[in-house]
Structures are given as structure tokens and as C-alpha cells.
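These notes concern the structure reproduced below.
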Amino acid sequence: MNILIIEDEYSLADAVAETLKSENFNVCIKTNGEDGEDEALTENYDLILLDVMLPGKNGFDILKYLRQEKIKTPVIMLTAKSEIDDKLNGLEHGADDYITKPFAMRELMARIKAVLKRTNNIEDTNCLEYGDLVLDLKNAKLKCKDNEIQISGKELELLEQLLLNKNQILSKESLIERIWGYESDAEYNSVEVYITFIRRKLKLIESKVNIKAVRGIGYKLEEKNDK
Ligand code: CA
């Protein structure tokens with residue numbers, strides 16, 4: 001995945017680039033508007049992070065031009081706090097999202113992933129793995145070596161959460177919040193029921209991965225050892 005950063009604040013651009021590289025993205029930085037626009041026109045990118053106040057050409061004009069030229073690369077605008085109309089302005093000109101400076105890297109990464117997911121560009125990395133287990137989110141399949149089985153709905157979401165947090169114990173409460181939402185009146189036994197379904201599927205595809213119940217705390221993935 002290639003990301004273009006158009007930002008004239010070197011330290012910020014560098015910090016963002018470092019974070020992105022640590023998550024296996026390829027990054028290109030342009031520090032003025034005209035170079036940034038030229039680079040964006042190559043269409044070599046999966047996403048563009050675009051500052052508003054730039055030397056050469058400002059972010060809104062760049063965005064407007066890109067959309068005029070039918071460049072559909074998703075754009076997240078980096079806007080300063082004082083520029084209160086930036087959000088509207090940006091979204092009006094075809095930005096996919098915006099983030100206000102200063103921002104936390106975690107927040108930016110979450111926005112980037114959400115936009116990539118929404119624009120379907122994250123498909124090739126849409127598998128989660130643990131031990132001999134592969135969860136193919138795109139095709140809703142659970143795989144172990146040559147065996148595979150369909151998994152969807154709450155089962156898929158639950159297993160996805162366990163895989164995304166494979167080194168920690170997830171409480172039933174937090175699973176309900178993540179999957180059914182804060183307002184939900186889903187009960188603890190709904191979680192238990194789905195866990196049972198998933199365990200059955202893990203067994204069917206002969207995976208060594210199991211969902212361990214940690215009494216009084218929650219659930220965690222574990223790999224059974226033959227030895
Ligand atoms: Ca700037």
C-alpha cells in the first residue's frame with residue numbers, strides 16, 4: 001500500500017511517515033503543493049494525506065483539481081484547529097475524511113484504515129492469522145491448511161476481535177461492546193453461544209487453535225500443543 005503525504009511541516013510529515021512504515025506502508029513525502037499535486041496525478045497511491053496550508057498550492061485547490069481530473073484516490077485532509085471551515089470545505093471538494101492537528105498517531109492510523117477499508121483498497125491485506133489459522137475477512141472464510149469453512153455475521157466479528165487482540169484476554173463485556181455496541185442489551189450468554197459455534201468450526205477444520213475461557217475474566221486464543 002502506497003501513501004502520499006503532502007505536508008510542509010517536516011517534523012510532522014516524518015513522524016507520520018515513520019508510523020506508516022512501521023505498519024508496512026510505502027510512503028512518499030512532498031513538502032510543497034505543486035510537487036504534491038504532480039505526484040498525486042501519477043495515481044500511484046492508495047491514499048493521500050493532504051495538508052491545507054501549503055507553499056505553492058493549497059490543499060483545497062489540489063483536491064479540487066484532482067477530482068476534476070477524475071483522480072479518485074482517497075484523501076484525508078490534515079487541517080489546523082483554527083481553520084474551522086476546513087472540514088466542510090474539504091468534504092465539499094471530495095475529501096474522504098479529515099483530521100484536526102494536533103492529532104494522535106493512533107487516531108490518524110484508525111482514520112487511514114477506515115478510509116482504506118471503505119474504499120476497498122485494503123482487500124489484499126484482509127486476512128488475520130494465528131497459529132495454523134487464517135481468517136479471510138473478505139471471503140468470510142476460516143481456513144486451516146487445506147480445510148476451510150464459511151464464517152459470517154457475529155461469529156466472524158467475534159473471531160476477528162480475538163485475532164486482533166490475540167495477546168490479551170477479552171472480557172465478555174468488552175466483546176459485547178465491540179460487536180453489539182454500547183447501547184446493546186445483548187447478554188453474556190449470546191457471547192457464549194457464538195464462542196461455542198466458533199469452537200465447533202475450529203474443530204471441523206482441524207485447527208490447533210482454541211478459544212480459551214479464562215474463568216471470571218473472558219476469552220483468549222491459544223494454540224494447543226501436540227507435545
Ligand atoms: Ca502547512
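Counting starts at 1 for both ligands and their atoms, following the listed order. Values reported hereafter were calculated over all heavy atoms of this structure, with side chains retained and with hydrogens, waters and symmetry mates removed.
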Quick one: do [X] and [Y] make a salt bridge, cutoff under 4.0 Å?
X	Y	answer
R111	D97	yes
E7	K30	no
E9	K101	yes
K172	E192	yes

Protein N/O/S atoms under 3.0 Å of the Ca ion (ligand 1)?
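Near the Ca ion (ligand 1), below 3.0 Å, one finds D8 OD1, D51 OD2, M53 O.
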
Start with the C-alpha distance between R67 and D96, add both sets of side-chain angles, then the distance that settles salt bridge (charged side-chain N to carboxylate O under 4.0 Å, His left out), and finish with yes or no.
CA-CA 12 Å; R67 294 305 184 238; D96 295 85; 3.3 Å; yes

Would you kindly check if the NZ (Lys) or CZ (Arg) of K154 is within the cone defined by 45 degrees around the ring axis of F197 and under 6.0 Å from the six-membered ring centre?
no

